[in-house]
Amino acid sequence: MTSIGIGWRPEIDLTVEDLPGVEFVEVIAESIRPDDLPESLLLLRSRGVPVVPHGIGLSLGGATPPDPSRVAHLARCARALDAPLVSEHVAFVRAGGHETGHLMPVPRTRESLDVVVHNVNAVQASLDVPLALENIAALVAWPEDELTEAQFIGEVLARTGALLLLDVANLFSSGVNFAADPLSALAELPLDRIGYVHVAGGVERDGLWHDTHTHPVTEPILAVLRELARRTNPPAVLLERDGDYPAAEELEAELAAIRAAVGRTDATVPGFPPLPSPIPPTPAAAPAEHTRARLAQAHARLAAALAGSAEPPAGFDAERLRVQRTALIHKRSSAITWHEPAVALAIGDRLPALFERYAAAVPKPEGGSAADVAAFVGHLRATGVLTGSRRRPRLIT
């Protein structure tokens, strides 16, 4: 039986508590403190609803080994929540002093594969529960790719013993953006290693599919989920929503559509089904330092180009990079309305231009969107663009 869940976010905590048909939830690991868990998550746990910590900051695909403090935080989250597993992405999120603000694709090369495998094995050694790895939605591709996404992820799973967090929306995204057939990917991926599945909405913009998590799940994405359910019985499927939250009735309808897609007709039973049997990782030597150094340089060039501080690296589609950079800036600037609504109102129509100039000079800092917004507002005040109190800011024209 496939369990059905939804991503828990503080903005919809009360809604999630009351939604019918929710059998497990997922929480962004970086958004909680294990020693001071949100009351809503504690309530769900008291009802027997499993909570899965989902990491977004380990940078498992990065040239630098994952930060031990970040790994320790993920492990503490799992213990505090008594989680059945944790999850992260096959991606990098920082390089060359830049926080990309997005999950970036790694080069699908043999060298990069060795680095990812070593990083994943190191993280798993510090966890008490299984780790599931997620495929990402990308807008750009590395010119030197040697493997398909499914082949690359399949080899990572085979060599590390990790589970698969299969995002069917991201498979659809790859189909639109790179003409990669989602059904062919399903045929190549080890579906027997699925820990759980993600489903999310997006939108087509600039001729590309953007995995926004702020739009409803579309029929083509549900079609990929139905095909997955025809080929295997996924343990669990989760609806992601990270902004522009709709009414509870709309979320309930999306969950019902997901239940129908996987053939669930019985009553709700909170819990997480059994996971695939563990597979020990394959022992492997650490990648050579020159391998990591070469990968670090490549990642840094891409991160700098996306930050607007460098030209597009050779072989990349410059227009794709422009679209990706625009999307990243929009994603960063949209957080201002949430964290500093009075500032957003004072800036008005000048916000996109002001933030784009700022973002070109200032990489996204550590600390997430709140730290990014605080730094931007501080910059506006330091440069005399914004005056007045926090409650009554005023833009100087």
Side-chain angles (χ1 to χ4, degrees), residues 4-13 15-16 19 21-22 25-28 31 54 56 87 89 91 100-105 134-140 165-180 182 185 196-228 237-262 320 322-339 341 344 351-352 368-369:
I4 306 300
I6 189 171
W8 182 94
R9 303 294 183 264
E11 297 88 347
I12 52 172
D13 55 353
T15 300
V16 170
L19 275 177
V22 172
V25 301
E26 175 193 82
V27 61
I28 302 300
S31 72
H54 182 54
I56 59 173
S87 55
H89 306 80
T100 64
H102 194 66
L103 299 162
M104 299 306 303
E134 181 179 0
N135 57 303
I136 68 167
L139 296 178
V140 298
L165 167 47
L166 179 58
D167 192 313
V168 294
N170 292 350
L171 285 186
F172 173 78
S173 175
S174 295
V176 175
N177 296 342
F178 304 108
Y196 65 114
V197 174
H198 271 175
V199 181
V203 65
E204 188 168 347
R205 192 168 55 236
D206 298 310
L208 297 171
W209 186 263
H210 297 255
D211 180 49
T212 63
H213 294 190
T214 61
H215 292 78
V217 177
T218 59
E219 169 55 31
I221 291 173
L222 287 174
V224 180
L225 178 60
R226 282 194 292 271
E227 178 60 24
L228 171 67
V237 180
L238 181 126
L239 171 65
E240 291 186 289
R241 192 79 180 219
D242 291 317
D244 196 14
Y245 299 103
E249 293 76 15
E250 292 182 48
L251 290 175
E252 186 178 343
E254 288 201 90
L255 289 172
I258 290 170
R259 290 175 70 88
V262 298
R320 288 284 186 104
R322 183 197 66 79
V323 172
Q324 176 74 88
R325 181 168 179 268
T326 300
L328 292 177
I329 291 173
H330 174 76
K331 182 179 179 181
R332 287 178 64 183
S333 64
S334 64
I336 298 168
T337 302
W338 173 256
H339 292 288
L351 177 57
S369 60

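The structure presented is a predicted model; accordingly, all values stated were derived computationally and were not measured.
Between atom CD of residue E204 and atom CH2 of residue W209 there is a gap of 7.0 Å, rounded to the nearest 0.5 Å. Distance check: L251 CG to I12 CD1 gives 5.5 Å after rounding to the nearest 0.5 Å. With values rounded to the nearest 0.5 angstrom, F172 atom CZ is found 5.0 Å from T218 atom OG1. Remark: H89 NE2 to L103 CG distance equals 4.5 Å, nearest 0.5 Å. Expressed to the nearest 0.5 Å, how far CG of L238 lies from CD1 of I258 amounts to 8.0 Å. Here CD of Q324 is found 8.5 Å from OG1 of T100. Values are rounded to the nearest 0.5 Å.
With contacts defined as side-chain heavy-atom distances shorter than 4.5 Å, the pair R241/I6 does not qualify. Two residues are said to be in side-chain contact when any heavy atoms from C-beta on lie closer than 4.5 Å; E240 and D167 meet this criterion. Using a 4.5 Å heavy-atom threshold, the side chains of H215 and H210 count as separate.
When every heavy atom of A261 is checked against every heavy atom of L225, the shortest pair comes out as CB-CD2, 3.8 Å. Across all their heavy atoms, A248 and T15 have their closest contact at CB-CG2, 3.7 Å. Taking both residues in full, the closest heavy atoms of G5 and L255 are given as O-CD2, 3.5 Å, listed atom of the first, atom of the second, then distance. The two atoms that bring V140 and P105 nearest to each other are O-CG, 3.5 Å, heavy atoms only. Shown here for I221 and A200, the closest heavy-atom pair between the two residues is CD1-O, 3.4 Å.
The closest donor-acceptor contact from the side chain of D211 to the backbone of G202 lies at 3.5 Å or more, if one exists at all. Using a distance-only test at 3.5 Å, with no hydrogens or angles considered, a donor-acceptor pair links the side chain of E254 to the main chain of V217. Side-chain atoms of N170 come within 3.5 Å of backbone atoms of N135 as a donor-acceptor pair (strictly under, hydrogens ignored). Between the side chain of R320 and the backbone N or O of L139, at least one donor-acceptor pair lies under 3.5 Å. Using modelled atom types, no side-chain atom of S173 and backbone atom of A169 make a donor-acceptor pair closer than 3.5 Å. With hydrogens and angles ignored, the 3.5 Å screen pairs no side-chain donor or acceptor of S31 with any backbone N or O of V27.
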side-chain contact (heavy atoms from CB on, under 4.5 Å) for L165 and H54? Distances and angles first, verdict last. CA-CA 10 Å; L165 167 47; H54 182 54; 3.7 Å; yes
Show your reasoning for whether side-chain contact (heavy atoms from CB on, under 4.5 Å) applies to R9 and E26. CA-CA 9 Å; R9 303 294 183 264; E26 175 193 82; 4.2 Å; yes
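No option in L166, L171, V237, V262 other than L166 meets the side-chain contact (heavy atoms from CB on, under 4.5 Å) test with L228.
Note: H198 and H213 fail the aromatic proximity criterion, with ring centroids not under 6.0 Å apart.
Side-chain contact of Y196 with S87: a donor-acceptor pair under 3.5 Å is present, judged by distance alone.
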